[in-house]
Amino acid sequence: MRISQQLTTTLREVPRESEGVNQELLVRAGFVRQLTSGVYSFLPLGNRVIQKISTIVREEMNRAGSQEVIMPVIQPRDIWEVKPADGGPSRAEGVDVLFNLKDRKGRNMVLGPTHEEVVTLLAKEFVRSYRDLPQLVYQIQVKLRDEPRPRGGLLRTREFLMKDLYSFDANEEGMDKSYRAISQAYNAIFNRCGLRFIVIQADSGAIGGKDSQEFIAITDAGEDDAVECDTCGYAANTEKAEFVRSELAQEPEAALEEVHTPNATSIEDLAAFLNISAAKTMKVVCYGAGGKMILATVRGDLDVNEVKLTNALRRAGIPSSDLHLATAEELQRAGIVAGFTSPLDKGKDIFIMADTSLKSGNNFVAGANRVDYHVKNVNYPRDFRVDAWEDIASAYDGARCANCGGTLHVVRGSELGHIFKLGTRYSIPFGATFLDAQGNEQPLLMGCYGIGIGRLMAIAVEQSHDEKGIIWPFGIAPYQLALVGLDLDKGDNGQLAEQLYQDLQAAGIEVLFDDRIESAGVKFNDADLLGLPLRAVLSKRSLKNGGIELKLRSQKESRIVPLAEAVQVIQHEIQQGLKQD
RNA sequence: CGGGGUGUGGCGCAGUUGGUAGCGCGCCUGGUUUGGGACCAGGAGGUCCGCAGUUCGAGUCUGCGCACCCCGACCA
């Protein structure tokens with residue numbers, strides 16, 4: 001491709017609405033343009049990156065035994081109103097990002113935010129027997145979610161390109177096998193795309209299901225926090241991460257004692273006022289869930305993790321999908337004084353869930369359920385009841401790894417891919433069944449596996465750029481080589497550059513030829529901004545020195561390569577580059 | 001949905017006490033340049049986000065909208 005003919009302009013100045021590195025560079029370099037909040041056009045350069053990524057994804061999905069399909073963007077709303085097997089809210093109720101519309105007959109439709117429902121209906125239609133299984137189908141398509149707040153440039157958009165794969169199996173072993181196969185494929189994909197990432201144990205969130213892994217690209221621009229062990233490599237979402245509670249010395253139990261603590265409504269205030277460490281206090285947080293009042297209590301140096309709490313409550317048999325901080329009204333009805341909440345003297349109508357951290361240490365300070373008063377020397381089981389002991393506290397930077405005792409570190413990242421075992425969550429309510437070898441009707445076991453293609457492109461930019469511009473990994477660069485022609489109107493330079501361009505193309509090298517009449521500075525700066533991994537300069541000077549100047553975008557030094565060897569050397573560099581991604 | 005900010009040529013911005021719009025970059029013509037965003041000369045390009053007011057007169061003042069961005073809530 002010749003730059004002179006490409007539908008692209010680079011911008012010298014940072015666009016005003018710039019939302020961070022990926023957006024700024026992708027817009028300035030002419031890869032994408034924003035149409036409206038969270039909605040982007042992909043210009044020819046951006047499209048080539050998307051195609052590169054998609055090709056890698058297709059190759060790995062096909063290798064894993066999957067088949068590609070296209071599913072509808074427009075879907076009838078009623079498939080979103082199907083109640084799940086556990087009687088919880090339908091997805092239309094649980095999800096507030098649906099784009100709703102009506103067709104001309106007034107029928108309610110949605111723009112598909114994902115395709116579990118549609119694909120389950122397909123499986124219902126085509127899978128009859130265990131002999132038809134397993135099935136792995138995938139799509140690479142635009143999905144739409146009316147996000148409350150798009151942000152981060154291409155990291156979180158309302159219209160986005162996503163690869164989703166859905167697996168259907170006859171039994172747990174099959175589902176596990178599919179899950180492992182796709183997990184492996186994901187590692188291959190992200191490696192080929194030249195990304196730095198970690199794989200973490202994740203919470204499956206509102207989508208439901210059992211095992212779940214997230215592939216997190218490490219970048220400060222991300223929205224997700226994970227913890228990683230510096231010793232054993234254990235990595236998990238902070239909402240799921242297990243850690244060892246620090247040990248506190250056991251003191252002889254002392255008698256309860258009420259103390260006046262004016263205005264000490266927070267743990268920090270309280271600890272400072274009494275001159276004790278936060279770990280010597282009890283933090284009690286009140287929630288409502290399933291129509292019950294829940295007291296969640298953790299040691300004062302920790303925080304309640306609502307995701308863990310939700311899951312723990314479910315294990316305790318309390319419907320928790322509506323978990324919320326207790327309202328003032330609910331507190332009043334339960335006779336609880338906010339800010340001075342006490343675990344003492346609670347009736348059976350209040351469910352008390354305690355974090356295991358409270359098993360270490362004693363003589364805690366807790367609220368007195370009376371404004372401006374706390375109680376000292378609170379001890380279990382002498383002074384309060386616990387209905388369930390669970391892990392309900394958030395992991396933190398520096399916590400001890402539950403796996404090996406090493407130290408957990410918080411890392412910031414962005415979710416590249418997420419894989420789930422869904423089990424029968426969709427197959428049961430949609431009646432997607434098959435006949436097993438004994439002739440019994442069984443629900444299909446499903447898994448789902450997503451990759452944000454556009455987000456992957458944005459993350460690549462976040463992970464690989466400098467002050468001059470993007471530095472594309474070889475695997476997903478729009479072109480592998482920038483051929484910069486200078487002095488094209490001098491002597492036979494123009495002809496030589498033209499010939500080299502033709503030869504490179506004939507050799508199958510993806511080359512972007514800067515054939516414009518521009519000053520050297522403009523061309524070099526644009527080449528750096530676009531970020532093609534290899535740059536070849538053909539100029540009066542380079543010819544005098546014996547050929548072309550060849551340089552990696554990631555490095556400073558160039559070297560002279562004789563014209564006659566140029567194609568071969570460039571080919572070799574690209575092979576090397578692809579290997580190293 | 002709360003809090004804050006911004007809307008003026010393609011892009012980035014300025015615009016005084018209200019007097020009919022300007023700068024830089026980019027673009028087009030011609031010439032001079034030619035290794036890290038060159039120079040000279042000429043030129044094209046504007047419903048000043050929209051609507052309604054105030055005024056002899058509104059980019060500027062008032063009201064109501066709309067859009068975009070940031071912080072938070074949310075995030076399959």
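Each chain gets a letter, A, B and so on, in the order the sequences are listed, and its residues count up from 1. Note that these values count all heavy atoms, side chains included, but never hydrogens, waters or copies made by symmetry.
The side chain of A:Asn525 lies closest to B:G37, out of B:G37, B:C27, B:A73. Of the candidates B:C68, B:U34, B:G12, the closest approach to any side-chain atom of A:Asp489 belongs to B:U34. The side chain of A:Arg149 has B:C70 as its nearest neighbour among B:C70, B:C69, B:G37. Among B:G37, B:G24, B:C69, the nucleotide with an atom closest to any side-chain atom of A:Glu13 is B:G24. Closest to the side chain of A:Val522, from the set B:C68, B:U34, B:A38, is B:A38. Listed nucleotides B:G36, B:C75, B:A73 differ in distance to A:Glu147; the shortest reach to its side chain belongs to B:C75.
Atom pair A:Phe99:CZ and B:C75:C1' shows a separation of 14 Å (rounding to whole Å applied). Spacing between atom CE of A:Met162 and atom C1' of B:C75 amounts to 13 Å, rounded to whole angstrom units. The distance between atom NZ of A:Lys468 and atom C1' of B:G36, rounded to the nearest whole Å, is 6 Å. For A:Lys490 and B:U32, the NZ to P distance is 11 Å, given to the nearest whole Å. One can place CZ of A:Arg156 at 13 Å from P of B:C71, the figure rounded to the nearest angstrom. Rounded to an integer number of Å, the gap from A:Leu486 CG to B:A38 C1' is 14 Å. In this structure, the CZ atom of A:Arg28 is 14 Å from the P atom of B:G26, given to the nearest Å. Spacing between atom CG of A:Leu488 and atom P of B:U33 amounts to 18 Å, rounded to whole angstrom units.
When the C1' atom is used for both B:G46 and B:C27, the distance is 16 Å, rounded to whole Å. If you take atom P in B:C71 and the same atom in B:G45, they sit 40 Å apart, rounded to whole Å. Comparing the C1' positions of B:G18 and B:C56 gives an interatomic distance of 12 Å, to the nearest angstrom. Comparing B:G53 with B:C13, their C1' atoms are spaced 30 Å from each other, to the whole Å. Nucleotides B:G72 and B:G26 place their C1' atoms 38 Å apart, quoted to the nearest Å. Across the C1' atoms, B:C39 and B:C25 are found 15 Å apart, a figure rounded to whole Å. Separation of the P atoms belonging to B:A58 and B:C40 is 39 Å when rounded to the nearest angstrom. One C1' atom belongs to B:G12, the other to B:U6, and the distance between them is 14 Å to the nearest Å.
Between A:Lys540 and A:Gly38, the residue anchored closer to the 5' end of RNA chain B is A:Lys540, taking for each the nucleotide with the nearest heavy atom. In terms of position along RNA chain B, the nucleotide closest to A:Asp487 lies nearer the 5' end than the nucleotide closest to the other residue of the pair A:Asp487 and A:Asp526.
Listed pair A:Thr36 / B:A67 fails the phosphate criterion, with no side-chain N or O lying under 4.0 Å from OP1 or OP2. Between A:Gln34 and B:C69 there is a side-chain polar atom (N or O) within less than 4.0 angstrom of OP1 or OP2. For the pair A:Ser519 and B:G37, the criterion of a side-chain N or O lying under 4.0 Å from OP1 or OP2 is not met.
Taking a pair to require two hydrogen-bonding distances under 3.5 Å in either a Watson-Crick or a G-U wobble arrangement, B:G59 remains unpaired. In this structure B:U17 sits in no base pair that meets the Watson-Crick or G-U test at under 3.5 Å. When both pairing distances are held under 3.5 Å, B:G42 makes a Watson-Crick or G-U pair with B:C28. Summarising the base pairing, B:G36 is matched to no nucleotide, lacking a Watson-Crick or G-U wobble pair whose two defining distances lie under 3.5 Å. Judged by Watson-Crick or G-U wobble contacts below 3.5 Å, the nucleotide B:G72 has B:C1 as its partner. Across the strands present, B:U6 finds its partner in B:A67; the criterion is a Watson-Crick or G-U wobble pair with both atom distances under 3.5 angstrom.
A salt bridge does not link A:Arg425 with A:Glu116: every distance from a Lys NZ or Arg NE/NH1/NH2 to an Asp or Glu carboxylate oxygen is 4.0 Å or more. Using a 4.0 Å cut-off between charged side-chain N and carboxylate O, A:Arg156 and A:Glu147 make a salt bridge. Between A:Arg196 and A:Glu462 there is no salt bridge, since no side-chain N of the basic residue sits under 4.0 Å from a carboxylate O of the acidic one.
The shortest side-chain heavy-atom distance between A:Phe430 and A:Glu117 falls under the 4.5 Å cut-off. Residues A:Tyr166 and A:His115 meet the side-chain proximity criterion, which asks for heavy atoms closer than 4.5 Å. Side-chain contact between A:Leu512 and A:Leu483 is absent, with no heavy atoms from C-beta onward closer than 4.5 Å.
Nucleic acid contact class of A:Glu117 (heavy atoms, under 4.0 Å, all strands): none. A:Arg535 comes within contact range of at least one nucleobase, with a heavy-atom separation under 4.0 Å.
Figure legend: cation-pi geometry between A:Lys421 and A:Tyr179, with NZ or CZ positioned under 6.0 Å from the six-membered ring centre and within 45° of its axis.
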Steps toward ring pair (Phe, Tyr, Trp, His ring centres under 6.0 Å) verdict (A:Phe42, A:Phe31): CA-CA 6 Å; A:Phe42 288 78; A:Phe31 285 70; 9.8 Å; no
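Residue A:Arg12 places no side-chain atom within donor-acceptor reach of the base of B:G36, judged by atom type and a 3.5 Å distance cut-off alone.
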